[in-house]
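What follows is a single structure, written as structure tokens, with notes after it.
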Amino acid sequence: MGLYGLMTTSISGMSVQSDRMGTVADNIANVNTTGYKEASAEFATLVAEGHVASYVPGSVSTIARRAITHQGDLTYTSSPTDLAISGNGFFMVQSPSGTPYLTRAGSFVSTNGELVNAAGFTLLGYDLLNGGSSSVINSAAGLVPVGTASLGLKATPSTSGTFQVNLPSDAAVSTSLPSANVAGADYSGLTSVVTYDNLGHKVTLDVYSAKTADNQWEISVYNHDGAASGGASNFPYAAGSLLTTQNLVFDGTTGKMTSPSPATLSVSIPNGATLSFDMSKTTQLAGDYTPASVTANGNGPSAVDRLEISDEGIVTAVYADGSRVDAFKIPLATVASPDNLTAISGNVFATNKDSGDLQLGTANTGSLGKVVSSALEKSSVDLASELTTMVEAQRSYTANSKVFQTGTELLDVLVNLVR
Amino acid sequence: MSLTLSVDTARSSLQATSEQISVVSRNIARVNDSDATRKTATIVSGPGVGVSIPLIGRTSNQLLFNAYLTANSSSQAQTSITSALDQLQNTVDDTDAEHSPAALMAKLSASLQTYSGDPQNSAVAASVVSAAKDLSNALNSASAAVTQVRQQADSDIATSVSNINSLLSQFQTLNNQVIKGTSNGSDITDVLDARDAVLKQLSNEVGIRTVTRDNGDMAIYTDSGVTLFDKSPRQVTFQQTANLAAGATGAAVYADGVPIAGTPHIMEIQSGKLAGLVSVRDDIAVTYQSQLDAMAGGLINAFAETDQSPTPTLPAAAGLFTYSGGPALPPSDTLVPGLASSIKVNANVDPAQGGDATLIRDGGISNPGNPAYTYNTSNGASFTGRIQDLISSLGATQTFDASTQLPTSSSLSDYAKNSVSWLEALRQSAGAEADYRSTVAQRAASSLSQTTGVNLDEEMTNLLDLERTFQASSRLINTVNDMLTTLLQSFS
């Protein structure tokens with residue numbers, strides 16, 4: 001019966017257009033949602049069995065699509081934990097109940113020491129600090145919440161430094177070497193440098209330079225803690241304060257150091273590491289005692305001030321004293337067919353049979369995009385094209401309703417035949 | 001998509017422009033602050049669409065800044081020397097003025113001449129005593145003035161040291177902010193200005209050298225290389241001396257346990273107020289004191305009395321002038337520190353203290369009861385032998401201690417004049433040097449300010465430019481809004 005078929009067909013036409021209006025409404029509603037990917041309705045024909053002599057109208061069905069691979073524009077923010085991906089890939093996040101999902105909505109803020117986005121999903125990454133966690137390429141196993149919660153106070157003992165000074169070549173030979181540790185020690189220069197022991201205590205080293213003969217110098221390193229009290233001269237130090245002495249020999253022609261070679265000064269910090277000063281640029285020229293660069297690494301105990309995230313997704317903890325430690329690596333996830341991922345509330349996606357299995361990799365390598373800090377991926381919806389789609393859908397819907405109306409009128413005509 | 005992109009771009013331009021305007025207003029607000037440097041907000045394109053201001057910079061010139069620090073320290077050292085010399089010079093005045101030792105010595109010599117012409121007149125004898133008292137008082141007060149200058153310098157050193165310690169602890173706070181700000185990329189330009197201002201103040205007190213590290217950290221060393229600040233401030237210590245009498249040595253200044261000024265010193269600082277004050281306390285004032293002591297010693301010896309017995313057995317004794325160690329004589333050619341402060345006229349000859357002024361003519365001042373020191377054995381009223389002796393010994397060439405920096409062999413009155421001209425010459429050369437150094441420091445300050453300071457004209461020009469940019473961007477947003485309105489109106 002052709003007329004009924006015609007009405008069914010037009011109903012299906014109206015139905016798919018309302019689906020399409022649904023996508024438009026969703027898209028326009030989410031025009032400012034971070035990480036939102038526009039939905040669209042594609043149509044497919046449903047053809048009824050017919051034969052040459054008569055035509056049986058079929059109908060149309062909707063296939064909803066989501067342009068998940070469509071890159072949204074990046075908008076820049078002032079928060080370094082706002083993350084966006086420029087290129088392919090997804091962040092791994094977990095819901096409050098612990099289920100892993102994929103997302104591109106990276107408006108993370110630190111909540112209870114973990115990075116949680118606006119929809120309440122916690123960012124996942126590999127722990128680089130505590131021995132590193134095993135990375136499994138095709139599963140979320142081994143991923144831990146990223147954040148400052150697992151990073152406590154930290155102290156770094158001093159291990160290396162530079163001791164670059166000019167020793168005055170015309171200085172008088174010392175009459176009482178500092179290494180003898182007696183009051184009235186005679187030396188050409190003292191530079192003190194702050195180092196740190198294993199617990200993060202400050203250990204101030206007093207490095208004395210005294211001339212022993214032409215082109216020969218003696219370096220004595222004392223622990224300042226043992227300095228004579230009273231505020232005036234440091235000498236004599238308490239017993240055991242002399243940490244090391246080192247003899248230096250200079251070339252009288254060039255003023256460069258010839259011994260020891262390599263030019264290092266090793267000091268064993270009490271309750272700390274062995275600190276090795278690079279002295280290769282120490283010279284003996286006809287100038288004053290000049291400390292050009294005297295430094296040592298290491299830090300006292302300090303707490304994490306903030307996190308920094310690199311292009312590769314390395315999360316660096318920046319401590320209050322300015323030192324930095326790589327704490328986490330944020331992997332990017334991808335699947336064989338990203339557009340087939342299942343969209344779930346909260347701008348997250350779940351894998352399914354069509355999308356293929358999860359694959360984790362390092363950002364900015366291979367086909368994966370880079371992580372951009374202080375940026376958010378805007379919704380991929382374009383308002384102007386949504387409005388045009390809406391006009392189109394409206395017109396198509398009206399046309400279908402006209403077909404239905406005409407069918408009804410034709411039936412009226414038929415019914416009125418029997419009056 | 002491109003319409004919303006345009007709005008984003010225009011919005012980023014508005015944001016950047018308003019940030020630039022805030023930087024301009026900061027510059028203008030501090031236009032009269034000599035420590036302020038010019039801040040600049042440089043616009044770069046991106047990241048993403050539009051423009052952004054990645055960081056706010058400041059114009060700085062490390063070379064000029066270091067030159068200023070050096071010049072300022074050197075000028076401060078000289079200024080403190082000059083002001084101490086001015087103070088000394090005020091107490092001494094020139095050779096003709098009434099209260100200078102040189103003038104009073106001439107007056108004593110003149111009154112002795114008068115007395116030799118009228119030896120019977122006890123009133124003239126009394127006037128000799130009064131001239132001698134004036135001279136000893138002048139020496140006493142000059143010596144007190146020197147002590148006062150040294151005492152003042154010592155207390156100024158203590159003030160300077162406490163300034164250095166408090167500046168270093170301020171520096172630590174600012175330096176930590178700079179390190180933190182550098183590592184997290186925040187705007188630290190004002191903190192850097194404040195830190196530079198602390199360095200400028202520090203350079204007033206002591207000559208410094210700075211080393212800047214990668215993370216913005218700065219270490220401070222004295223001009224002699226002693227660590228003042230490296231991650232934490234080092235202690236600068238000084239023990240003020242309660243009473244710096246002549247001959248007493250002031251304490252040394254220690255930084256980080258190294259004696260940097262005073263005696264003994266190992267890594268001696270070259271400039272800054274501290275260096276100048278120590279040089280006043282331990283060098284200039286001490287030398288001047290020793291000159292006064294040498295004068296006093298010369299006077300006591302010139303008026304000494306010897307045993308007049310046919311076979312002298314008694315030692316020579318102090319006559320008209322004596323001192324706390326009298327009647328024994330001070331050694332004639334080595335210094336007795338503080339002699340100038342204790343020289344006085346012998347009470348035996350001072351009518352005001354019940355003495356007899358005519359003893360000048362007769363001798364025996366040192367011990368009136370002992371005839372051995374009496375020159376006028378015949379007790380003649382017109383005896384002038386002793387007076388003539390005194391006049392000639394006052395004008396005789398004496399030998400003085402070499403450490404006083406004056407000619408070692410001269411008459412007492414010439415020595416007094418030499419002392420005045422030594423001080424005057426020193427003051428003049430120090431004054432000229434101070435003028436020169438302060439000119440250098442001012443030049444360094446003005447070129448630093450020209451290079452890094454705020455220029456109001458430039459800021460106002462920038463402001464006009466920024467206003468135009470802001471207007472253009474707002475216009476763009478307006479246009480896009482109009483276009484979207486057109487689109488939405490197509491439904492009705």
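Keep in mind the model is a prediction, meaning the values are calculated, not measured. Naming: A, B, ... by sequence-line order, numbering from 1 per chain. Computed over heavy atoms, backbone and side chain alike; hydrogens, waters and symmetry mates excluded.
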query: Minimum heavy-atom separation for G225(B) to P291(A), with atom names?
result: O-CG, 3.5 Å
field: Sole residue of T388(A), V391(A), L387(A) in side chain to side chain contact (heavy atoms under 4.5 Å, CB included) with L487(B)
entry: L387(A)
For the [atom1] atom of [X] and the [atom2] atom of [Y], what is their distance to the nearest 0.5 Å?
X: L383(A); Y: L488(B); atom1: CG; atom2: CG; value: 7.0 Å
X: Y221(B); Y: T191(A); atom1: OH; atom2: OG1; value: 6.0 Å
X: D8(B); Y: K378(A); atom1: CG; atom2: NZ; value: 3.0 Å
X: K231(B); Y: T295(A); atom1: NZ; atom2: OG1; value: 7.5 Å
X: D230(B); Y: T204(A); atom1: CG; atom2: OG1; value: 9.0 Å
X: T222(B); Y: Y289(A); atom1: OG1; atom2: OH; value: 10.5 Å

- prompt: Between Y319(A), Y187(A), F235(A), which has the largest tally of heavy atom pairs under 4.5 Å with chain B?
  reply: Y187(A)
- request: Counting only heavy atoms closer than 4.5 Å, note whether V258(B) contacts chain A via side chain, backbone, both or neither.
  value: both
- request: Identify which part of N215(B) has an atom lying under 4.5 Å from any heavy atom of chain A, answering side chain, backbone, both or neither.
  value: neither
message: Given heavy-atom pairs under 4.5 angstrom as the criterion, report whether the side chain, backbone, both or neither of N166(A) touches chain B.
response: neither
- prompt: Side chain, backbone, both or neither: which part of V193(A) has a non-hydrogen atom closer than 4.5 Å to chain B?
  reply: both
message: With a 6.0 Å cut-off (strictly less than), is the heavy-atom count around CG of D482(B), excluding the residue itself, greater than 12?
response: yes
- prompt: Got more than 12 heavy atoms from elsewhere within 6.0 Å of CZ, R213(B)?
  reply: yes
With a 4.5 Å cut-off on side-chain heavy atoms, are [Y] and [X] touching?
X: D256(B); Y: H224(A); answer: yes
X: V318(A); Y: K180(B); answer: no
X: S188(A); Y: M267(B); answer: no

field: Main-chain N/O of S192(A) paired with R234(B) side-chain donor or acceptor, under 3.5 Å
entry: yes
